[in-house]
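For reference, the structure is listed below as structure tokens.
For the single chain, residues carry numbers from 1 onward in sequence order. When reading the values below, keep in mind they use all heavy atoms of this one structure, side chains included, and skip hydrogens, waters and symmetry mates. Note that the structure is a prediction, hence the values are computed from the model and not measured.
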Amino acid sequence: MSVAPMLDWSDKHCRYLHRLITKETRLYTEMVTTGALLHGAQRRHLRFDETEHPIALQLGGSDPADLALCARMGQDWGYDEINLNCGCPSDRVQRGAFGACLMNEPGLVADGVKAMRDKVDIPVTVKHRIGIDKIESYDFVADFVGRVSEAGCEVFIVHARNAWLQGLSPKENREVPPLRYDLAWRLKQEFPALTIAVNGGIKTHEQIDEQLLHVDGVMVGREAYYNPWIMQDWDQRYYGGSACALSQDEIELAMVDYMEREAAEDGTPWYAIARHMLGMRHGQRGARRWRQVWSNHKLKPLPAREVWAQARAVMLEDQLKAEDSAAA
């Protein structure tokens with residue numbers, strides 16, 4: 001099991017929350033471009049908490065030499081895996097000639113993978129689509145996987161939709177092109193020695209279990225963000241370990257402790273962290289008012305622990321009202 005790299009979402013604060021819920025699930029950074037690392041602030045892009053392991057750094061780029069340098073940075077910072085993005089369809093990524101458009105250049109991707117593998121000892125993996133634009137043949141994605149695997153890549157994460165490079169926004173590209181899981185399943189059949197994981201539109205345990213009949217792993221994206229408590233028993237279900245030992249109340253309080261540490265160590269405001277946990281109470285009585293407190297801009301000047309006390313109070317109030325109503 002893994003949680004997808006999600007731009008503007010799967011930052012270190014989001015991953016810290018997820019790691020409180022599941023210890024085994026692999027976490028991915030949001031995509032970091034090679035340009036940002038080579039010409040920007042490494043610490044801002046690469047810093048993570050030691051509790052986040054196992055954690056993968058997803059890179060966006062196409063120049064093999066640049067990818068190799070950035071992969072080495074990732075290993076030096078302690079990441080467990082380097083993942084190359086060959087699936088993002090955004091205009092900005094296309095202008096940089098990487099992301100999904102790299103599926104048109106499997107030779108270049110293979111060169112990038114080889115260059116990275118020559119520089120690091122940790123696994124180098126690829127996340128990609130099943131096709132681009134109107135190319136819907138299995139042969140296209142099979143050729144891509146075959147050629148890149150010859151460079152030493154052994155793990156492929158298949159977002160089971162095409163990427164439409166023209167006419168759709170990144171959001172629409174996650175929803176409009178039809179899902180074709182059968183192509184990912186066929187990749188596993190025809191490349192049995194490779195590790196094939198599937199991504200895209202997977203929201204329930206039933207869907208996860210169905211996928212695991214055909215492939216080696218499942219990557220969940222938006223559902224893990226909007227409803228993170230879905231992961232509370234993944235360590236037990238999929239790794240033979242124990243379900244999350246913390247209650248939702250305990251996790252919320254642990255996040256408050258984390259907010260205070262981040263404020264003291266890095267000047268991070270609590271609301272930059274709280275935005276990632278608004279799905280924690282998904283489906284619970286009082287969750288709407290609880291979210292309203294944590295997302296109330298008027299409360300930004302208050303310390304995190306005072307906001308937590310207000311959020312807890314309104315949730316308990318709604319729960320007591322429900323109990324009184326049921327008793328009556």
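Taking 4.5 Å as the limit, some side-chain heavy atom of Ser295 sits within range of a side-chain heavy atom of Leu278. Put simply, the side chain of Glu190 reaches to within 4.5 Å of the side chain of Tyr138, judged on heavy atoms. Looking at Pro177 and Trp164, their side chains come closer than 4.5 Å, going by heavy atoms from C-beta outward. Ser62 has its side chain within reach of Leu102: a pair of non-hydrogen atoms, C-beta onward, lies under 4.5 Å apart. Val176 has its side chain out of reach of Arg161: every pair of non-hydrogen atoms, C-beta onward, lies at least 4.5 Å apart. Taking the side chain as every heavy atom from C-beta outward, Phe140 and Asn104 approach each other to under 4.5 Å. The side-chain heavy atoms of Pro5 and Met31, taken from C-beta on, include no pair separated by under 4.5 Å. Side-chain contact between Leu194 and Phe156 is present, with at least one heavy-atom pair separated by less than 4.5 Å.
Connection of Val155 to Met103 is not established within any shared hydrophobic cluster, with ILVMFWY side chains joined at heavy-atom distances below 4.5 Å, either directly or through further cluster members. In the hydrophobic cluster analysis, where Ile, Leu, Val, Met, Phe, Trp and Tyr join through side-chain heavy atoms closer than 4.5 angstrom, Leu246 is grouped together with Val3. Leu316 and Val256 end up in different hydrophobic clusters when Ile, Leu, Val, Met, Phe, Trp and Tyr side chains are linked at under 4.5 Å.
Listed by chain and residue number, Ile130, Glu136, Asp182, Leu183 satisfy the side chain to side chain contact (heavy atoms under 4.5 Å, CB included) test with Arg180 (two or more places apart in sequence, or in another chain). The ring pair (Phe, Tyr, Trp, His ring centres under 6.0 Å) test applied to His282 returns no partner, not counting sequence neighbours. The ring pair (Phe, Tyr, Trp, His ring centres under 6.0 Å) check on His159 picks up nothing, with sequence neighbours excluded. The ring pair (Phe, Tyr, Trp, His ring centres under 6.0 Å) test applied to His276 returns Tyr225, not counting sequence neighbours. With sequence neighbours left out, the salt bridge (Lys or Arg N to Asp or Glu O under 4.0 Å) criterion links Asp76 to Arg72. By the ring pair (Phe, Tyr, Trp, His ring centres under 6.0 Å) test, Tyr226 is found to be paired with Trp9, residues two or more places apart in sequence or in another chain being considered. With sequence neighbours left out, the salt bridge (Lys or Arg N to Asp or Glu O under 4.0 Å) criterion links Arg312 to Asp249. In this view, Trp270 satisfies the side chain to side chain donor-acceptor pair (under 3.5 Å) rule with no residue, not counting sequence neighbours.
In this structure, Lys300 is positioned above the aromatic face of Tyr271, its NZ or CZ under 6.0 Å from the six-membered ring centre and within 45° of the axis. Under a cutoff of 6.0 Å and an axis angle of 45°, Lys23 and Trp234 do not form a cation-pi pair.
The backbone N or O of Ala4 sits nowhere less than 3.5 Å from a side-chain atom of Lys127 that would complete a donor-acceptor pair. Within the 3.5 Å criterion, the main-chain N or O of Met315 finds no donor-acceptor partner in the side chain of Arg285. In this structure, Asn162 contributes its side chain and Asp133 its backbone to a donor-acceptor pair below 3.5 Å. Side-chain atoms of Arg15 come within 3.5 Å of backbone atoms of Ser10 as a donor-acceptor pair (strictly under, hydrogens ignored). No donor-acceptor distance shorter than 3.5 angstrom exists from the side chain of Asp266 to the backbone of Thr268, with no hydrogens or angles considered. Listed for the Asp80 side chain is a donor-acceptor partner under 3.5 Å among the backbone atoms of Ile55. With hydrogens and angles ignored, the 3.5 Å screen pairs a side-chain donor or acceptor of Arg19 with a backbone N or O of Thr22. In this structure, Thr25 contributes its side chain and Met1 its backbone to no donor-acceptor pair below 3.5 Å. The main-chain N or O of Lys203 is found under 3.5 Å from a side-chain atom of Gln207 such that the two form a donor-acceptor pair. For Tyr238 (side chain) and Glu24 (main-chain N/O), no donor-acceptor pair under 3.5 Å exists by modelled atom type.
With salt bridges taken as basic N to acidic carboxylate O contacts below 4.0 Å, none links Lys12 and Asp49. Taking the charged nitrogens against the carboxylate oxygens, Arg47 and Glu262 do have a contact shorter than 4.0 Å, which makes a salt bridge. Of the charged side-chain nitrogens involved, at least one lies within less than 4.0 Å of a carboxylate oxygen, so that Arg289 and Asp318 count as a salt-bridged pair.
Val293 approaches Ala311 most closely through the heavy-atom pair CG1-N, 3.5 Å. The two atoms that bring Val198 and Ala160 nearest to each other are CG2-CB, 4.2 Å, heavy atoms only. Here the shortest heavy-atom pairing between Ile82 and Ala71 reads CD1-O, 3.8 Å. Taking each heavy atom of Val220 and Ile208 in turn, the nearest pair found is CG2-CD1, 4.3 Å. Residues Asp66 and Asp63 share a closest heavy-atom pair of N-OD2, 2.9 Å.
Pairs passing the ring pair (Phe, Tyr, Trp, His ring centres under 6.0 Å) check and including a residue from residues 242-267, sequence neighbours excluded, read His13-Tyr258, Tyr16-Tyr258. Identified under the side-chain hydrogen bond (donor to acceptor under 3.5 Å, both in side chains) test for residues 139-156, with sequence neighbours left out: none. Applying the ring pair (Phe, Tyr, Trp, His ring centres under 6.0 Å) rule to pairs touching residues 177-199 yields Trp185-His214, sequence neighbours excluded.
One finds the CZ atom of Arg237 at 6.0 Å from the CG atom of Asp209 (value rounded to the nearest 0.5 Å). A distance of 5.0 Å separates CD of Glu223 from CD1 of Ile230, quoted to the nearest 0.5 Å.
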Practice task
Walk me through it: do Cys70 and Leu67 pass the test side-chain contact (heavy atoms from CB on, under 4.5 Å)?
Solution key: CA-CA 5 Å; Cys70 293; Leu67 287 169; 5.9 Å; no

Problem - side-chain contact (heavy atoms from CB on, under 4.5 Å) evaluation trace for Leu57 with His45 - result: CA-CA 10 Å; Leu57 168 65; His45 293 294; over 6 Å; no

Exercise for the section: Could you give me the CA-CA distance, side-chain angles and deciding distance for Leu165 and Cys101, then say whether side-chain contact (heavy atoms from CB on, under 4.5 Å) is met? Expected result: CA-CA 8 Å; Leu165 301 182; Cys101 59; 4.1 Å; yes

Handout entry: Trace of the salt bridge (charged side-chain N to carboxylate O under 4.0 Å, His left out) decision for Asp118 with Lys114
Key = CA-CA 6 Å; Asp118 286 345; Lys114 184 179 186 306; 3.1 Å; yes

Problem - From CA spacing to verdict: salt bridge (charged side-chain N to carboxylate O under 4.0 Å, His left out), Arg275, Asp8 - result: CA-CA 11 Å; Arg275 69 186 181 97; Asp8 297 324; over 6 Å; no

Exercise for the section: Evaluate side-chain contact (heavy atoms from CB on, under 4.5 Å) for Leu59 paired with Thr33, printing each intermediate quantity in order. Expected result: CA-CA 6 Å; Leu59 292 177; Thr33 66; over 6 Å; no

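Hydrophobic cluster of Met219: the remaining members, joined at side-chain heavy-atom separations below 4.5 Å, are Tyr28, Ile157, listed by chain and number.
Between the side chains of Asn83 and Thr125, at least one donor N or O sits under 3.5 Å from an acceptor N or O. Looking only at atom types and distance, the side chain of Trp229 has no donor-acceptor partner in the side chain of Gln284 under 3.5 Å away. Between the side chains of Gln248 and Gln232, not a single donor N or O lies within less than 3.5 Å of an accepting N or O.
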